Amino acid sequence: MCGIVGYIGKQDAVPILMKGLKRLEYRGYDSAGIAILNSDGSHSIKKAGNVSELEKLVDDSPLNGNIGIGHTRWATHGAPTDINSHPHWDHTGNIAIIHNGIIENYSVLKTVLEAKGYKFKSETDTEVLVQLISDIYYSDGLEFSQAVQVALNQVIGAYGIVTFCNDEPDKLVAARLGSPLVLGIGENEYFIASDASPIVDHTRNVVYLDEGEMATISNEGHEIRLISNNTIINKIATEIEFSIEEIEKGEFPHFMLKEIHEQVHTITDTMRGRLNLDEGTAFLGGVSDYIDRIQNANRIYITACGTSWHAGLVGKNLLEEFARIPVHVEYASEFRYGSPIIDSNTVIIAISQSGETADTLSAIRMAKEYGALTVGICNVVGSSIARETDCGIYTHAGPEIGVASTKAFTAQLTVLYLLALYFGRKNGMSKSEGKQLAKAMLDINVQVEKVMANSDEIERIAWETLKADNFLYLGRGMNFPVALEGALKLKEISYIHAEGYPAAEMKHGPIALIDEKMPVVFLAPHDRTFNKVLSNIQEVKARKGIIITVTDKRTKDLEKVSDYIIDVPSTHLRTFPLIASIPLQLLAYHLAVLRGCDVDKPRNLAKSVTVE
Ligand code: G6P
């Protein structure tokens, strides 16, 4: 949701910014731009389209300088045009800004500025902010950083910004409220970015800005203070935890495929040090101080968005079965504005890959006001949700760059299985049952390898269903959310319309859609619903639908009614959702590639959604 990067130091900022923008492109790719400050003044290049469009212009220009800012946009206010691209400038052309977020009161501020004679070139809220800063700077005689601070105190909304001014050409000013910013500290040079990925090539030392903080950065040093008052904040630098290889595609054509393959080890990584095979239980250090409070909760709300919400639905099934606590799963954006029943005996579990999703963050803030215990299940270490929750469990899947979430989803499920195992053992699950589940989880990596080995067969199914305009995904119980996730993956990256439905509910509506052109993906494990699902398959077959069955065991009946069967090895029925979600990721991937879609940059989507 917009990526921002800035540099100040002795090197040429241009290549640093351009490489940084490519790393941040997963956050938005509607348009991109850079602004550079050098001894001749400031200059910018910006262009609608993705970063490679900007790159062509930058390659043809002699632009260089030691201070610069860059932006890749996911449009909110105004279409993705050259004019609306960032950086934006004030009317004097001296002050440049890049912005991630939304200035909610931009219309009021714009009216006031227009009354003073200001003219606007773009439709963006960001141009209003830079003109406001300019108005304060040039009329109040303040230092630039003070003018930024005064302006930000008039703003309602969310922002991560980086700005510079020609009149004070030795500094960058950055600020954060609602959109993440990381400051990278090098030797007499600084980097600032929406996340650490543009920084890791240059330094591993970083400081995460917290909500309401601003930084004034020069070659000589940096100073962090609160935007609301002048309190200086001394922050300790931490080390970036991931390696450069983890954020490069390597030999894979797409990040998504790389990340699907990584599940061979990421699920095991999530369990590392947390599974006790001898006792058939789990240990989760991040929540151990709060485990009794979770166990004694009157209810649990799981709140999340997108794929993480689907993980939450699997979590509901697991926790209700094993912890025997009522669990409600809520879209964070709905939860936030609903009337949920929350008190100090309520536990809120927020699931988020990025740990930055604005709706999820707002939901936990609201729950905290009611005194609930908040638990984060996040992938990005040090992210806002990870820091703002009372306790939490990292998923340790490594950086996920592909916009469509894959390995982060299975890592989230893994954490939920670990919680379920822990609570199950507390609630009467026998040691031998616990050991069986723990062993099945530990063996998952071998099963993932087998699914990967089946990729060609899945690609063949993709070839044969390539022309379909609609897909239906059906599953029951814990596999209904897997159906939803399979449908979401397909929609996101191939733009084929797809719906996930509880298999038995199909006859109350979606069955009307079925004809000989409709592929229907069934999740059919041999659990207690197998025969019912088989009947549903037959109902679709009778209406000439194309049947793709994902199962842990072929039977004659299944073979008879299925057009295609995707075999998934499963040693424990409970872990079927975990393993079965992977062929659905592969199916969506192959369909998207065959249809010529940009898998890693699906239209209109962003990986990290930091606006509500
Ligand atoms: C965006 C992404 C999805 C993701 C959702 C929630 O919509 O495109 O892939 O599932 O945000 O993100 P989170 O980081 O909170 O899991």
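Note that the numbering runs from 1 along the sequence shown for the chain. No experiment lies behind these values; they were computed from the predicted model shown. Just follow the structure's listing: the first ligand is 1, and inside any ligand the first atom is 1.
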- Can you pull out the closest protein heavy atom to atom 9 (O) of ligand 1? Residue, atom name and distance to 0.1 Å, please. Val403 O, 3.2 Å

- Nearest heavy-atom pair of Tyr29 and Leu605: which atoms, and what distance? OH-O, 3.0 Å

- Task: Keeping the roles fixed (side chain from Glu25, backbone from Val51), state whether a donor-acceptor pair exists under 3.5 Å.
- Result: yes

- Query: What protein heavy atom sits nearest atom 12 (O) of ligand 1, and how far off is it?
  - Reply: Thr357 OG1, 3.3 Å

- What protein heavy atom sits nearest atom 7 (O) of ligand 1, and how far off is it? Val609 CG2, 3.9 Å

- Got the closest protein heavy atom to atom 16 (O) of ligand 1, with its distance? Ser308 OG, 2.5 Å

- Query: Would you say His88's side chain and Asn84's backbone share a donor-acceptor pair under 3.5 angstrom?
  - Reply: yes

- What's the shortest distance from atom 11 (O) of ligand 1 to any protein heavy atom, and which residue and atom give it? Lys607 O, 3.8 Å

- Out of His71, Arg73, His99, which residue meets the side chain to side chain donor-acceptor pair (under 3.5 Å) rule with Thr126? His99

- Query: So Ile199 and Thr203, side chain to side chain contact (heavy atoms under 4.5 Å, CB included) or not? Walk me through it.
  - Reply: CA-CA 6 Å; Ile199 298 174; Thr203 175; 3.6 Å; yes

- Note on the structure: Among non-hydrogen protein atoms, atom 10 (O) of ligand 1 lies closest to Thr307 N, 3.0 Å

- Item | Option of least heavy-atom distance to atom 1 (C) of ligand 1 (set: Ala606, Gly306, Cys305) | Ala606

- Please say whether more than 12 non-hydrogen atoms of neighbouring residues, nucleotides or ligands are located less than 6.0 Å from CD in Glu459. yes

